[in-house]
Amino acid sequence: MALEHITRIQGTCVPVPGADMDTDRIIPARFLKCITFDELAGVMFWDERFTSDHQSKGHPIDDPRYAGASILIGGDNFGCGSSREHAPQAIKRSGIRGIIAGSFAEIFFGNSTGIGLPCVTARPEDLARLVQAVETTPDLEVTIDLETMSATWDSGSIAINMPATSREALMTGRWDAVAGLMEQADLIRQKHEDLPSPGEARY
């Protein structure tokens, strides 16, 4: 199964400020009852965005200036809390194709990489500069480039970081472990046939 080679993501951004954005806030527990991850489209940050009677709280996600954004800008320790894989799924299925933040919780980062959602970090001063540029020009096109490890826009550029193994997995289209196993189905089947049957001993 051929997977996308993710080397570059380009689009407008939506800043979601604040450190320690945990997975319970990204995707409230009541949404975890979904049958497929497709049902999570549009519900990211739901309780951050709406009151109990569905009135908007004016969250950046719902700001018309950032409509259609494909890059999310977060703070430090983004994705902390419980390990629910629904959090990156909700973000990606809501149209976000990449995240730039100060740092990421390890499990969230791994779950994101495993679905082809690049998470890159930047220094606080660089993040602040990017956020200022986006707030000044909401339709600003930003490019996350995993080859040059930079995030660029028409009048600026910042350095970004990502662990080398994750970067390589994304760029070579080997970010989905299940797809990787399926590619080796013949070898797995052969190994199964070579294993002893239940109750059979080999010496």
Side-chain angles (χ1 to χ4, degrees), residues 1-16 21 23 26-27 37-38 40-41 44 66 68-80 83-131 133-134 139-188:
M1 179 186 298
L3 294 174
E4 177 187 5
H5 290 215
I6 302 172
T7 60
R8 192 175 290 104
I9 293 170
Q10 185 174 28
T12 59
C13 303
V14 54
V16 179
M21 180 62 72
T23 53
I26 294 171
I27 179 69
F37 288 131
D38 289 335
L40 298 178
M44 62 175 178
Y66 305 126
S70 54
I71 297 172
L72 188 150
I73 306 172
D76 288 334
N77 200 26
F78 190 93
C80 59
S83 60
R84 62 186 63 167
E85 60 183 324
H86 298 69
Q89 288 281 1
I91 292 173
K92 183 175 183 181
R93 291 170 191 274
S94 296
I96 299 298
R97 297 171 50 232
I99 306 175
I100 307 174
S103 61
F104 293 93
E106 185 175 354
I107 294 177
F108 177 89
F109 178 87
N111 286 339
S112 297
T113 302
I115 61 171
L117 178 65
C119 294
V120 299
T121 61
R123 297 180 302 176
E125 59 270 29
D126 288 336
L127 271 179
R129 188 155 61 92
L130 174 58
V131 168
V134 169
D139 61 351
L140 186 70
E141 289 274 333
V142 174
T143 300
I144 297 174
D145 193 325
L146 298 186
E147 292 182 332
T148 62
M149 290 308 291
S150 64
T152 60
W153 57 98
D154 59 2
S155 60
S157 175
I158 61 173
I160 56 176
N161 291 285
M162 170 183 281
T165 52
S166 300
R167 176 172 174 256
E168 180 182 9
L170 290 164
M171 293 182 65
T172 59
R174 296 192 174 278
W175 40 267
D176 187 328
V178 174
L181 284 173
M182 292 176 66
E183 286 183 348
Q184 305 298 322
D186 290 341
L187 291 176
I188 294 171

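Note that this is a predicted model, so its numbers are computed, not measured.
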Asker: Applying side-chain hydrogen bond (donor to acceptor under 3.5 Å, both in side chains) as the test, list every pair that has at least one member in residues 91-110; sequence neighbours left out.
Answerer: D38-R93, Q89-R93
Asker: Drop me the distance from E4's CD to M171's CE, to the nearest 0.5 angstrom.
Answerer: 12.0 Å
Asker: Check I26 against G79 and note the closest heavy-atom contact, atom names and distance.
Answerer: CD1-CA, 4.1 Å
Asker: Could you list all the ring pair (Phe, Tyr, Trp, His ring centres under 6.0 Å) pairs where at least one residue sits in residues 100-121, not counting sequence neighbours?
Answerer: F78-F108
Asker: Using side chain to side chain contact (heavy atoms under 4.5 Å, CB included), reason through I71 and I100 one step at a time and then give a plain yes or no.
Answerer: CA-CA 7 Å; I71 297 172; I100 307 174; 4.1 Å; yes
Asker: Considering residues at least two apart in sequence or located in another chain, which fulfil the side chain to side chain contact (heavy atoms under 4.5 Å, CB included) criterion with E168?
Answerer: T172
Asker: With sequence neighbours excluded, tell me which residues meet side chain to side chain donor-acceptor pair (under 3.5 Å) with E147.
Answerer: R8
Asker: Please lay out, stage by stage, how Y66 and V134 fare under the test side chain to side chain contact (heavy atoms under 4.5 Å, CB included).
Answerer: CA-CA 9 Å; Y66 305 126; V134 169; 3.9 Å; yes
Asker: With sequence neighbours excluded, what pairs up with S150 under the side chain to side chain donor-acceptor pair (under 3.5 Å) test?
Answerer: T148
Asker: If you measure from CD1 on I9 to CD1 on I99, what distance do you get to the nearest 0.5 Å?
Answerer: 9.5 Å
Asker: How long is the span from the OG atom in S70 to the CD1 atom in I144, to the nearest 0.5 Å?
Answerer: 8.0 Å
Asker: So, for I27 and A90, which heavy atoms are closest and what is the spacing to 0.1 Å?
Answerer: CD1-CB, 4.2 Å
Asker: Within a strict 4.5 Å, meaning less than it, do heavy atoms of the M44 and I96 side chains meet?
Answerer: yes
Asker: Listing request: all side-chain hydrogen bond (donor to acceptor under 3.5 Å, both in side chains) pairs with a residue in residues 119-128, at least two apart in sequence or in separate chains.
Answerer: R123-D126
Asker: Using the salt bridge (charged side-chain N to carboxylate O under 4.0 Å, His left out) criterion, which residues pair with R84? Sequence neighbours excluded.
Answerer: D24
Asker: Locate the shortest heavy-atom distance separating S157 from T152; write the atom from each residue and the value.
Answerer: OG-CG2, 3.3 Å
Asker: Can you see which heavy atom on L140 is nearest to which on A133, and at what distance?
Answerer: CD2-CB, 3.8 Å
Asker: Which pairs with one or both residues in residues 68-77 pass salt bridge (Lys or Arg N to Asp or Glu O under 4.0 Å), sequence neighbours excluded?
Answerer: none
Asker: When rounded to the nearest 0.5 angstrom, what is the spacing between CG in L146 and CD1 in I160?
Answerer: 6.0 Å
Asker: How close do E141 and Q10 get, heavy atom to heavy atom, and via which atoms?
Answerer: OE1-CG, 3.3 Å
Asker: Not counting sequence neighbours, which residues clear side chain to side chain contact (heavy atoms under 4.5 Å, CB included) with N111? List them please.
Answerer: E85, P88, I107
Asker: Nearest 0.5 Å, what's the OG1-CZ distance between T7 and R167?
Answerer: 10.0 Å
Asker: Who passes side chain to side chain donor-acceptor pair (under 3.5 Å) against T23, sequence neighbours left out?
Answerer: S82
Asker: Which heavy-atom pair separates V131 from P15 by the least distance, and what is that distance?
Answerer: CG1-CB, 4.3 Å
